[in-house]
**Student:** 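The structure follows.
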2 protein chains.
Amino acid sequence: MEKLESVIFYSIEKAIKTYRQFAQRSISKAGLDITIDQWLVLRLIEEDGERYQNEIAEAVFKDTASITRIVELLVLKGYLERNAHPGDRRRFKLNVTEKGRELLARVSPIVKNYRDTALQGISPSEIEALQQVLNRIIANCG
Amino acid sequence: MEKLESVIFYSIEKAIKTYRQFAQRSISKAGLDITIDQWLVLRLIEEDGERYQNEIAEAVFKDTASITRIVELLVLKGYLERNAHPGDRRRFKLNVTEKGRELLARVSPIVKNYRDTALQGISPSEIEALQQVLNRIIANCG
DNA sequence: AAAAAGTAGCTGATACATCAATTAAAATGT
DNA sequence: ACATTTTAATTGATGTATCAGCTACTTTTT
């Protein structure tokens with residue numbers, strides 16, 4: 001069996017893990033009490049509070065069960081409000097609180113910053129090529 | 001804030017998640033009772049039972065805490081034996097059992113198969129280019 | 001040899017991933 | 001209208017990720 005380093009999937013895994021750690025540390029170092037996954041979800045809800053939780057799940061490549069728990073934590077932390085949904089009692093109406101909006105405003109520049117840092121020295125065409133290959137892998141595994 | 005699909009990191013994440021699900025299902029569908037992460041660790045130990053757990057962790061891009069728990073599960077499942085290490089009492093001597101070796105032999109072709117499938121239609125030079133970009137991201141986040 | 005520093009691995013706590021099963025509420029069919 | 005089927009979300013169980021703190025043991029220092 002080959003060395004792991006020569007298997008592209010482990011390079012992909014290593015890259016995304018390294019990036020995620022870098023990202024989370026950037027946020028935590030700024031004293032912000034949120035995880036990247038929580039941030040992602042919170043941000044989507046701020047954009048559009050009418051989204052279904054399963055739509056959110058799909059958008060962030062997560063399971064609906066994970067969204068349930070992430071929403072729960074966001075509510076506990078006071079970044080999100082969850083009220084009865086007028087049109088459909090199976091759902092909830094999610095609203096980002098003022099505290100949540102303040103947090104998002106503070107996280108936003110940090111995210112931009114670590115994304116830029118992570119991509120330093122990589123050209124747009126290289127990124128484009130990367131996208132293509134990743135999309136093919138996704139299609140092959142579907 | 002941009003759409004997630006246009007952020008390369010989410011494409012990377014989506015690709016690796018899709019791949020991992022595909023891989024795990026291939027293994028589970030064959031009726032084999034092991035996770036990919038457990039398989040990875042078991043396979044490294046089969047190659048060389050003298051490796052330190054922290055070396056294993058490094059090799060598979062995991063935390064030593066994760067390795068502790070994965071080893072524990074492998075022992076519970078009877079694929080691995082953990083005995084006192086002669087030279088250093090802080091360590092353990094890990095041995096793949098006969099049952100473990102049988103399992104590895106059965107998993108191996110499945111892994112080869114889903115790896116090949118996932119990479120269909122992707123040329124070696126594309127993979128090489130992908131490696132380069134990923135390595136740069138890893139370096140940038142270090 | 002005794003103290004200090006370093007090392008291997010474990011444990012606890014919290015968060016996310018995944019699958020299966022479940023609940024409650026809509027929507028649909030006849 | 002009532003039974004059936006879908007749908008939205010939750011819950012439970014198990015596995016992995018990460019960080020911090022810890023234990024036991026080994027090595028180094030003096």
Side-chain angles (χ1 to χ4, degrees), chain A residues 13-14 16-29 33-42 45 50-58 60-77 79-80 82-94 141, chain B residues 13-14 16-29 32-42 45 50-58 60-77 79-80 82-94:
Chain A
E13 197 151 324
K14 184 173 184 179
I16 198 65
K17 274 192 186 175
T18 308
Y19 169 74
R20 283 185 71 97
Q21 284 179 18
F22 179 58
Q24 187 62 59
R25 275 181 203 152
S26 303
I27 291 177
S28 299
K29 225 181 281 175
D33 178 31
I34 194 167
T35 68
I36 299 179
D37 293 305
Q38 290 166 12
W39 171 77
L40 260 175
V41 171
L42 190 61
I45 296 169
E50 282 304 322
R51 252 186 278 248
Y52 289 62
Q53 286 187 196
N54 61 36
E55 289 173 346
I56 295 173
E58 200 190 346
V60 298
F61 322 125
K62 290 182 188 305
D63 197 84
T64 60
S66 297
I67 302 301
T68 295
R69 280 142 190 165
I70 288 174
V71 164
E72 192 179 5
L73 288 174
L74 287 170
V75 170
L76 275 177
K77 288 183 175 178
Y79 299 139
L80 203 57
R82 203 175 70 147
N83 301 306
H85 192 283
D88 187 340
R89 280 187 296 173
R90 292 170 301 183
R91 303 180 52 192
F92 295 93
K93 179 80 184 69
L94 299 173
C141 295
Chain B
E13 197 151 323
K14 185 174 184 179
I16 198 66
K17 274 192 187 176
T18 307
Y19 169 74
R20 284 184 70 96
Q21 284 179 19
F22 179 58
Q24 187 63 57
R25 274 181 202 153
S26 303
I27 291 176
S28 300
K29 226 180 278 175
L32 303 178
D33 178 32
I34 193 166
T35 68
I36 300 180
D37 293 305
Q38 290 165 11
W39 170 75
L40 260 176
V41 170
L42 189 62
I45 296 169
E50 282 304 321
R51 252 187 279 248
Y52 288 62
Q53 287 188 195
N54 60 39
E55 289 173 347
I56 296 173
E58 200 190 347
V60 297
F61 323 126
K62 292 183 188 303
D63 197 85
T64 60
S66 297
I67 302 301
T68 294
R69 281 143 190 165
I70 288 174
V71 164
E72 192 179 5
L73 289 175
L74 287 170
V75 171
L76 276 177
K77 288 183 174 179
Y79 299 139
L80 203 57
R82 205 175 68 147
N83 300 305
H85 192 284
D88 187 339
R89 280 189 294 174
R90 289 170 303 183
R91 301 180 54 192
F92 295 93
K93 180 79 184 70
L94 300 173

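Just so it is clear, the values below take in all heavy atoms, side chains as well, and ignore hydrogens, waters and symmetry mates. Below, chain A is the first sequence line, B the second, and so on; all start at residue 1.
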**Student:** Ignoring hydrogens and angles, tell me if any N or O in the side chain of Q24(A) forms a donor-acceptor pair with the backbone of I36(A) under 3.5 Å.
**Tutor:**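 Yes, the answer is positive, given that a donor and an acceptor are paired below the 3.5 Å cut-off.
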**Student:** Select from Q38(A) and R25(B) the residue whose nearest nucleotide in DNA chain C is closer to the 5' end of that strand.
**Tutor:**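 The 5'-side residue here is Q38(A).
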**Student:** Calculate the interatomic distance between Y52(A) atom OH and dT7(D) atom C1'; express it in whole Å.
**Tutor:** 9 Å
**Student:** State, to 0.1 Å, how close L42(A) and Y79(A) come at their nearest heavy-atom pair, and which atoms those are.
**Tutor:**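 Heavy atoms only, the tightest pair is CD1-O, 3.6 Å.
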**Student:** Within the side chain of R91(B), is there an N or O that forms a donor-acceptor pair under 3.5 Å with the backbone of E50(B)?
**Tutor:**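 Yes; at least one donor-acceptor contact below 3.5 Å.
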**Student:** Looking at K62(B), does any N or O in its side chain come under 4.0 Å of the phosphate oxygens OP1/OP2 on dT16(D)?
**Tutor:**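 The answer is no; no side-chain N or O of K62(B) sits under 4.0 Å from OP1 or OP2.
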**Student:** Can you tell me the distance, in whole Å, between the CD1 atom of I70(A) and the P atom of dA9(D)?
**Tutor:** 14 Å
**Student:** Over how many whole Å does the gap from R51(A) atom CZ to dA9(D) atom P extend?
**Tutor:**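 So the CZ-P distance, R51(A) to dA9(D), works out to 13 Å.
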**Student:** Could you pick out which residue, R91(A) or S66(B), lies toward the 5' side of DNA chain D when each is mapped onto its nearest nucleotide?
**Tutor:**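 Of the two residues, R91(A) wins.
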**Student:** Collect all protein-nucleotide pairs involving nucleotides 1-5 of chain D in which both atoms are nitrogen or oxygen and the distance is under 3.5 Å.
**Tutor:**
none

**Student:** N54(A) or E13(A): which one's nearest nucleotide on DNA chain D is closer to the 5' end?
**Tutor:** N54(A)
**Student:** Please find the earliest and latest nucleotides of DNA chain C, in the 5' to 3' direction, that have an atom within less than 4.0 Å of any heavy atom of chain B.
**Tutor:** dG6(C) to dC19(C)
**Student:** Grab the CG-P distance between L76(B) and dT16(D) for me, whole Å please.
**Tutor:** 12 Å
**Student:** Just how far is it from atom CG of L74(A) to atom OG1 of T35(A), taken to the nearest 0.5 Å?
**Tutor:**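 Those atoms lie 7.5 Å apart.
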**Student:** Indicate whether OP1 or OP2 belonging to dA17(D) is found under 4.0 Å from a side-chain N or O atom of Q24(A).
**Tutor:**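 Result: no.
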**Student:** Could you tell me the separation between the NZ atom of K29(A) and the P atom of dC19(D), rounded to a whole number of Å?
**Tutor:** 12 Å
**Student:** Students often get this wrong, so: under 4.0 angstrom with heavy atoms, is I67(A) touching a base, only sugar-phosphate, or nothing?
**Tutor:** nothing
**Student:** Each nucleotide N or O in nucleotides 20-27 of chain D that has a protein N or O under 3.5 Å away: list the pair and distance.
**Tutor:**
{"from": "dT26(D)", "atom 1": "OP1", "to": "R89(B)", "atom 2": "N", "distance (Å)": "3.3"}

**Student:** Any side-chain N or O of T64(A) below 4.0 angstrom from OP1/OP2 of dA8(D)?
**Tutor:**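 No, because none of the side-chain N or O atoms of T64(A) sits under 4.0 Å from OP1 or OP2 of dA8(D).
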**Student:** Given the rule in the side chain to side chain contact (heavy atoms under 4.5 Å, CB included) test, do D37(A) and V60(A) qualify, once you have shown the distances and angles that lead to the verdict?
**Tutor:** CA-CA 8 Å; D37(A) 293 305; V60(A) 298; over 6 Å; no
**Student:** With rounding to the nearest 0.5 angstrom, report the CD1 to CG distance, I45(A) to L40(A).
**Tutor:** 11.0 Å
**Student:** Is it the case that the side chain of E58(B) and the backbone of E55(B) share a donor-acceptor pair, with hydrogens and angles ignored and the cut-off at 3.5 Å?
**Tutor:**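 Not a single qualifying donor-acceptor pair exists.
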**Student:** To the nearest angstrom, how far is R20(B) atom CZ from dG15(D) atom C1'?
**Tutor:**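 Distance check: R20(B) CZ to dG15(D) C1' gives 10 Å.
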**Student:** For F22(A) and dT18(D), give me the distance from atom CZ to atom C1', rounded to whole Å.
**Tutor:**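 Whole-Å distance recorded here is 18 Å.
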**Student:** OG1 of T68(A) to CD of E72(A): how many Å apart, nearest 0.5 Å?
**Tutor:**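 Here the rounded value is 8.0 Å.
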**Student:** Do any side-chain nitrogens or oxygens of Q21(A) fall under 4.0 Å of OP1 or OP2 in dC19(D)?
**Tutor:** no
**Student:** Is it the case that the side chain of S66(A) and the backbone of K62(A) share a donor-acceptor pair, with hydrogens and angles ignored and the cut-off at 3.5 Å?
**Tutor:**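 No, the answer is negative, given that no donor and acceptor are paired below the 3.5 Å cut-off.
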**Student:** Before giving the answer on side chain to side chain contact (heavy atoms under 4.5 Å, CB included), spell out for H85(B) and R89(B) the whole-Å C-alpha distance, their side-chain angles and the decisive distance to 0.1 Å.
**Tutor:** CA-CA 6 Å; H85(B) 192 284; R89(B) 280 189 294 174; over 6 Å; no
**Student:** What is the distance from CD of E55(A) to P of dT7(D), rounded to the nearest Å?
**Tutor:**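 About 13 Å, once rounded to whole Å.
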**Student:** For R69(B), report the nucleic acid contact type (base, sugar-phosphate, nothing); a contact means any heavy atom under 4.0 Å.
**Tutor:** base
**Student:** With distance as the sole test, does K17(B) use its side chain to make a donor-acceptor pair with the main-chain N or O of F61(A) at under 3.5 Å?
**Tutor:**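 Between the backbone of F61(A) and the side chain of K17(B) there is a qualifying donor-acceptor contact (under 3.5 Å).
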**Student:** Would you compute the distance between atom CD1 of I56(A) and atom CG of L94(A) and round it to the nearest 0.5 angstrom?
**Tutor:**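 If we round to the nearest 0.5 Å, I56(A):CD1 and L94(A):CG are 6.0 Å apart.
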**Student:** In Å, rounded to the nearest 0.5 Å, how long is the span from NZ of K93(A) to CG of N83(A)?
**Tutor:**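 Separation between the atoms: 8.5 Å.
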**Student:** What is the nucleic acid contact for T68(A), judged by heavy atoms within less than 4.0 Å: base, sugar-phosphate only, or nothing?
**Tutor:**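 Touches a base.
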